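Shown next, in structure tokens, is the structure this report addresses.
Fair warning: this is a prediction, and the values are worked out from it, not measured in the lab. Heavy-atom basis, side chains included; hydrogens, waters and symmetry copies ignored. In what follows, every chain begins at residue 1, and chains take the letters A, B, ... in the order their sequences are listed.
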Protein chains: 2
Amino acid sequence: MTTGQRAPARTRLLETADRVLFERGIRDTPVDDLLRQAEVSAATLYTHFGSKDALVAEVLRVRLSDWRGVWDQHIVAADNDLDRLLSVFDALASYRRDQGHPSRWCAFLAAATELPEAPDEISDVLAGDTALLADRLLQLSRPIAGPHAQDLADQVLLAYTGALAGFLRGSPRSPIDVGRRLAHAAAQAHSRD
Amino acid sequence: MTTGQRAPARTRLLETADRVLFERGIRDTPVDDLLRQAEVSAATLYTHFGSKDALVAEVLRVRLSDWRGVWDQHIVAADNDLDRLLSVFDALASYRRDQGHPSRWCAFLAAATELPEAPDEISDVLAGDTALLADRLLQLSRPIAGPHAQDLADQVLLAYTGALAGFLRGSPRSPIDVGRRLAHAAAQAHSRD
DNA sequence: GTCTATAAGCGGATAGAC
DNA sequence: GTCTATCCGCTTATAGAC
């Protein structure tokens, strides 16, 4: 379905930014490099977004939206309570596989570390991701852990966050698998209550 | 035992850097701010260390050494196999309590994120931390999980890393407690084999 | 001899003007 | 779409104080 038509400048810029920013590092990627790779002029960037920070924020919002969609699908596809809870790990594996350019670890957490004094527009996305995770994991924990659902949800969130940070650390070898097993052990412990 | 004597410039610089770099962010802290806060001249920094990167590297090496010492003490103090394995969490809580200025999350992982193209001198410290964790956790897992020690060690490392990243995410509320319980559940699952 | 104060060079990055 | 003003951060040079 390649039409030969070139995507509009705004789209090219967003896609380039998403591909480069989280591989090379947000701060380490000069705007000029993005412009050159996207074949877009500086004026275009500042008309459409206003600043590098605003571009970063928009890229992050798109990521969050995509991620939510992928997770949605995996929740629907799961056919029992345990698999629904653990589907966050399958969704993560799927999300990383689908984008040809896996980021070094997590775009939201990386932004929080690299841009500690960034405008709220940016930190809000991490907050949104965290809220999404916390809310859903709590719901999905109820059928398994009942009154201890919050406890289980906290543990699964931590295992998920650990899997992401495991990529940054470079250990263990397959962070998503290990995180999933860890969350599984936590769920088992809670279903024996 | 305060003598009124001022610590030497090199020491003041190291202490200031350790306090500020991981609170405000490594890249977001200009050298000038460190100099002003440490009441040290620029010439002193560059004669003692040679560059900002080299100063960062030295601060990280000191941190790794301190952290190893704290963990040592907690391993010795533990009086059974399970507590020895989980002592990494108690050591982390203790380490963070002892430094008056808890960093936002983990200095080594933050450096890896903020300085992706940093000299080996810097990335080596994260590698050293990871090797320390992986080696020790494997040893401490053997008495509990026997042939599955590597599996358990991977999971505890991931829970530990997740606790650190949990501070960055701001959730769950008490990452170290949650991480410890998670590792506990993993150990229990392995001791039932 | 160690440290301070000051200033300036220099590359690089953002942002906006033309 | 190009080009450039402006700023900022790291580093070094100079000269002097304790």
Base-contact (B) and sugar-phosphate-only (S) positions in nucleotides 4-13 of chain C, heavy-atom cut-off under 4.0 Å, - elsewhere: BB-------S
Can a donor-acceptor pair be found, under 3.5 Å and without considering hydrogens, that links the side chain of A:K52 to the backbone of A:I26? yes
Around B:E23, counting heavy atoms of other residues, nucleotides and ligands shown, do more than 12 lie under 6.0 Å from its CD? no
On DNA chain C, nearest-nucleotide positions of B:P8 versus A:Y46: which is more 5'? B:P8
B:Q155 (side chain) donor-acceptor with B:A186 (main chain) under 3.5 angstrom: no
Positive for side chain to side chain contact (heavy atoms under 4.5 Å, CB included) with A:P175, one of A:F89, A:Y160, A:F167, A:W105: A:F167
Counting any heavy atom closer than 4.0 Å, what does B:T47 reach on the DNA or RNA strands: base, sugar-phosphate only, or nothing? nothing
Donor-acceptor contact below 3.5 Å, side chain A:R12 vs main chain A:T16: no
Can you list every pair that meets side-chain hydrogen bond (donor to acceptor under 3.5 Å, both in side chains) and has a residue in residues 163-175 of chain B, with sequence neighbours left out? A:D129-B:R169, A:T130-B:R169, A:T161-B:R169
Start and end of the DNA chain D segment that chain B contacts, any atom under 4.0 Å from a heavy atom: D:dC10 to D:dT12
Is it the case that B:Q139 and B:D135 place a side-chain donor and acceptor less than 3.5 Å from each other? no
Under a 4.0 Å threshold between the charged nitrogen and the carboxylate oxygen, would A:R180 count as salt-bridged to A:D90? yes
